[in-house]
Structure formats: C-alpha cells, structure tokens
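First up is the structure itself, then whatever we jot down about it.
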Amino acid sequence: MTQQRILVTGAGGFIGHHLVKYLVDRGYWVRGVDVKKPEYEPTAANEFLALDLRQQSMCERATKGMDEVYALAADMGGIGFIETHKAAIVRNNTMINMNTIEAARSNGVHRFLFTSSACVYPGYLQKSADVTPLREEDAYPADAEDGYGWEKLYMERTCRHYREEFDLETRVVRFHNIFGPLGSYDGGREKSPAAICRKVALAGDGGTIEVWGDGEQTRSYCYIDDCVEGIYRIMNSDYADPLNLGQDRLVSINQLVDVVAAIAGKTIHKTYDVTKPQGVRGRNSDNGRLREVLQWEPSVALEDGLIRTYRFIVAQLQQTGRLPQVAAAN
Ligand code: NAD
C-alpha cells in the first residue's frame, strides 16, 4: 500500500507539533509547515518547510503532492492576545485559511481538516458561570467572539462551500481550551492553564498570584493527547459538519489555581485584577454529538494533564534560570 502523505500546517506550534508526532508514529509521511520551528524540541516531521501561508504561492508549495491537510496554522493566543490583536488576527488568518484551502483544492488534496474554536459560540449563551454546555447547532444565530471567533466561523462556512461545490472532503473541529506540555507558557500568547502553572511555579509557598477577573469565570480544559487523538478520529470519520472537541468538566479559574497549587504542594493566595480581559463568563462543551459520531470522547483527567504540564513548565523555568534547579522535586 502506498504511504499516505499528510500536511500539517502550524507544525511549529503547540497542537501541530504534537499532531505531527502522532501521525509519524502511525506510519504516515508528514510534511510540517510553519513560519517557525517547534520551540522546545525538534520536529518529528519527515520534511519541515518554513513558509508563510498568508501567501498563495507558499500554500501551493505546501499542499503539492499531499493526500490530506490538517490546517492548524493561525495567528492566535490567549484571551489577552486575541482581545488586543483583532485586526492582525482577522487579516492574517483569513489569508492563511483561504489560501490554504484553495491550494488544497487546486492540488487535488482528498481531505482537509480545519481547526476551529469554541470562540465561534455566541456571547449571549455564555453569560453565566454555570453555563449550559454548548451544542454544535448553538453557533447560530451567530454572535461569535469579536475578531477571532468570526474569522473561525467564516472559515467553517467556507469549508462547507468547498465541500458542496468543489467536492473537497472537509472536516471541522471546534477546540475547547487545549493544554499540555510543549505549549507557550509565557510572553503573552499563553492560555490560562499554562499561565497559572507558571505563576504558581514562580511563587513561593504561602505566596500570592494575580488572577484575571474575579476567578469565578468557568471553562473546560482538554489535554493535548486527547486532542490529537480526537483530531485524527474526526479526520477519518464520515462526519463533515463541525464537532466540539473538548472536555465537559466545568471548572472556575479559582478551582484551576487550587488544583495547580495542590500539584505544586504550595499554599497559594490570589489577588484579582478585574480590569484584565476575561472572555465570556462561562463556557463548556456538550460532547453528545462527538460521542455519537466517534463512539469516543476525551478522557484524560484535568489533574493528570496539569501534573504533566506543571512539570514541563518548571523544567523550562529551571533551564532558563528563572527557577533554581532544586525545585525539580515537583
Ligand atoms: P499555536 O500558536 O501554538 O500554533 C499555531 C502556529 O501557526 C504557530 O506555530 C504559528 O507560527 C503558525 N503560523 C502563524 N502564522 C503563520 C503563517 N502566516 N504561516 C505559517 N504558519 C503560521 O496554536 P495552537 O494552540 O497549536 O493552535 C492550533 C490551531 O488550533 C489554531 O488554528 C488555533 O486557532 C486552534 N485552536 C486552538 C485552541 C487551543 O486551546 N490551543 C483553541 C481553539 C482553537
């Protein structure tokens, strides 16, 4: 049997890097594309091309000879980043998305998976901390997250149009807060689990960390191993409409801090900065359709995922001299 050739865009990023490893382990030939290489370890890709996918010619080159495309490249970050870079996000990501899918079509790619986000869900359904879990059909009537969410929703529709009009098999995954080792933990693009792990790691026992908002805002968090498994299963399913990919255990930011503090073996106090961006008040994934389509759903416990993430961040802080080596015991 000929070996399938797969393109992963955003292969220098957090999820893309893990996905490349997963696919190579399963025997696929993988081309990774990104503007940057993975930050914390070498890529496992058979070939890695540094290309700016905002340009059509680069997308043509990236998709040439590929059977399938996992489209993960995006200009993105945590809530602090997406709230303050709306123009750059919609400009860069719309160019990346349109040029990648068009190049996939013109190069005869068989399947194309787009990584969307829970940010497509309307603000009016996410106003309370004990929010009802979001079903896929709840995305309409649309009132997506300003900037990033609208760009994702627009690309979801584009995937449908390409499937219906151009016969390109498309898949759409809506991630709910993916976390784990080898992700950004500092610099402004990190998400809440990584930011909290970093703050707790840098605080002394009995110390205080700053929480954005009052800490009662809620989310669900999905560990990276479940994420790449889910992406692969969705790509290989026959279900073409958007699917949630997340955990459905709702926790507040305050609870998240308490879990990380327990992992670190520290007593941690919190101060609150309510002027910082917090996103929606509550957000959770309804996994009913995911279970129905895949007979599977994410299963790694939040605590287990956070232990691995915390260890990775402590090791990074030690390597960069921000923590003494002795803290390695945690
Ligand atoms: P990431 O930022 O770690 O990875 C994205 C990668 O895309 C980066 O390495 C970046 O360099 C690359 N990229 C940006 N502009 C590019 C360009 N012009 N050309 C080529 N590459 C470019 O993010 P991630 O967490 O790995 O997210 C992957 C995908 O999943 C993104 O599309 C993101 O929007 C989506 N997503 C992630 C989450 C999450 O919780 N991590 C949640 C919802 C959606």
Side-chain angles (χ1 to χ4, degrees), residues 7-21 31-40 43 45 48-59 61-63 69-79 81-82 85 88-101 103 113-121 144-145 147-153 155-156 159 172-195 219-224 226-228 230-231 234 242-247 279 283 285 298 305 309:
L7 168 65
V8 176
T9 77
F14 167 48
I15 303 173
H17 175 62
H18 283 275
L19 181 63
V20 166
K21 283 200 281 188
R31 173 183 293 161
V33 168
D34 203 304
V35 284
K36 66 170 175 67
K37 289 197 165 147
E39 234 169 300
Y40 308 108
T43 183
F48 192 94
L49 303 178
L51 300 173
D52 184 340
L53 296 172
R54 290 175 300 180
Q55 295 174 42
Q56 182 64 29
S57 59
M58 302 287 145
C59 292
R61 193 161 156 219
T63 53
V69 173
Y70 290 83
L72 278 77
D75 191 2
M76 64 96 63
I79 188 70
F81 181 81
I82 64 174
H85 294 79
I89 285 172
V90 295
R91 178 198 59 199
N92 294 341
N93 294 347
T94 307
M95 288 196 284
I96 293 169
N97 294 340
M98 286 304 140
N99 289 334
T100 307
I101 196 168
L113 179 140
F114 173 62
T115 49
S116 184
S117 166
C119 290
V120 300
Y121 287 112
E145 175 118 22
Y148 178 69
W150 278 106
E151 162 257 312
K152 290 289 190 193
L153 199 60
M155 184 57 186
E156 288 191 0
C159 287
V172 174
V173 186
R174 288 182 188 153
F175 293 144
H176 289 251
N177 298 306
I178 313 302
F179 76 101
L182 309 176
S184 295
Y185 65 92
D186 209 350
R189 286 187 186 246
E190 69 279 14
K191 308 285 181 55
S192 49
R219 297 290 185 275
S220 66
Y221 295 95
C222 177
Y223 189 63
I224 184 68
D226 278 334
C227 172
V228 292
I231 298 175
I234 290 171
L243 270 179
N244 283 331
L245 180 51
Q247 280 275 8
R283 174 179 288 159
S285 174
T309 309

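What you are looking at is a predicted structure, and each value in this text was computed from that prediction instead of being measured. As the structure lists them, so they are numbered: ligands from 1, and atoms in each ligand from 1.
Within the 4.0 Å heavy-atom criterion, both parts of D52, backbone and side chain, lie near ligand 1. Contact annotation: for K191 versus ligand 1, heavy atoms closer than 4.0 Å belong to the side chain alone. Of the heavy atoms in L51, only backbone atoms (N, CA, C, O) come closer than 4.0 Å to ligand 1. Contact annotation for S184 and ligand 1: no heavy atom of the residue comes within less than 4.0 Å of the ligand. Residue-level proximity to ligand 1 for M95 is absent, since no heavy atom of it falls below 4.0 angstrom.
In this structure, T115 and Y70 have side chains that are not in contact, with every pair of non-hydrogen atoms separated by 4.5 Å or more. At least one side-chain heavy atom of I79 sits under 4.5 Å from a side-chain heavy atom of E145. By the 4.5 Å heavy-atom criterion applied to side chains, C227 and F175 are counted as neighbours. At least one side-chain heavy atom of C159 sits less than 4.5 Å from a side-chain heavy atom of I101. A 4.5 Å side-chain heavy-atom check between R31 and T63 finds every atom pair outside the cut-off.
The closest non-hydrogen atom to atom 13 (N) of ligand 1, taken over G12, A11, A74, comes from A74. Nearest to atom 3 (O) of ligand 1 by heavy atom, out of Y148, F14, F179, is F14. Considering only non-hydrogen atoms, atom 31 (C) of ligand 1 lies nearest to L72 out of L49, I224, L72, V35.
At the top of the distance list for atom 36 (N) of ligand 1, counting protein heavy atoms only, stands F175 CD1, 3.4 Å. Protein heavy atom closest to atom 19 (N) of ligand 1, with residue, atom name and distance, is L53 N, 2.9 Å. Here the heavy atom of the protein found nearest to atom 27 (O) of ligand 1 is I15 CD1, 3.9 Å. The protein heavy atom nearest to atom 40 (O) of ligand 1 is I178 N, 2.8 Å. Here the heavy atom of the protein found nearest to atom 4 (O) of ligand 1 is G13 CA, 3.4 Å.
Below 4.0 Å from some heavy atom of R54 lie the following atoms of ligand 1, by number and element: 18 (N). Ligand 1 places these atoms under 4.0 Å from at least one heavy atom of K36: 9 (O), 11 (O). Of all atoms in ligand 1, listed by their number and element, those nearer than 4.0 Å to a heavy atom of G10 are 6 (C), 7 (O). For ligand 1, the atoms sitting less than 4.0 Å from at least one non-hydrogen atom of S116 are 43 (C), 44 (C), numbered in the order shown with element in parentheses. Short contacts between ligand 1 and I96, defined as distances under 4.0 Å to a heavy atom of the residue, involve ligand atoms 15 (N), 16 (C), 17 (C), 18 (N).
Under a 3.5 Å cut-off, the side chain of K152 and the backbone N or O of V120 do not form any donor-acceptor pair. A donor-acceptor pair under 3.5 Å is formed between the side chain of T9 and the backbone N or O of L72. Looking at E190, its side chain does come within 3.5 Å of a backbone N or O of G188 through a donor-acceptor pair.
Annotation: A73 places no N or O atom under 3.5 Å from an N or O atom of ligand 1; distance criterion only. The distance criterion of under 3.5 Å between nitrogen or oxygen atoms is not met by M76 with respect to ligand 1. Geometrically, ligand 1 and K152 share a nitrogen or oxygen pair separated by less than 3.5 Å.
Using a 30° and 60° split on the angle between ring planes, Y223 and F179 fall in the perpendicular class, above 60°.
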Please tabulate, for side-chain N and O atoms in residues 14-21, each donor-acceptor pair with protein atoms closer than 3.5 Å (sequence neighbours left out).
{"from": "H17", "atom 1": "NE2", "to": "E41", "atom 2": "OE2", "distance (Å)": "2.8"}
{"from": "H18", "atom 1": "NE2", "to": "P181", "atom 2": "O", "distance (Å)": "2.9"}
{"from": "K21", "atom 1": "NZ", "to": "E41", "atom 2": "OE2", "distance (Å)": "2.8"}

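Of the candidates R91, R189, H85, R54, R189 is the only one forming a side-chain hydrogen bond (donor to acceptor under 3.5 Å, both in side chains) with D75.
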| field | Y221/S192 under side-chain hydrogen bond (donor to acceptor under 3.5 Å, both in side chains): CA gap, chis, key distance, verdict | value | CA-CA 10 Å; Y221 295 95; S192 49; 3.1 Å; yes
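Residue contacts with ligand 1: D34 is included, with a non-hydrogen atom under 4.0 Å away.
Counting only residues at least two apart or in different chains, side-chain hydrogen bond (donor to acceptor under 3.5 Å, both in side chains) contacts with residues 172-182 comprise Y121-R174, E156-R174, H176-N244.
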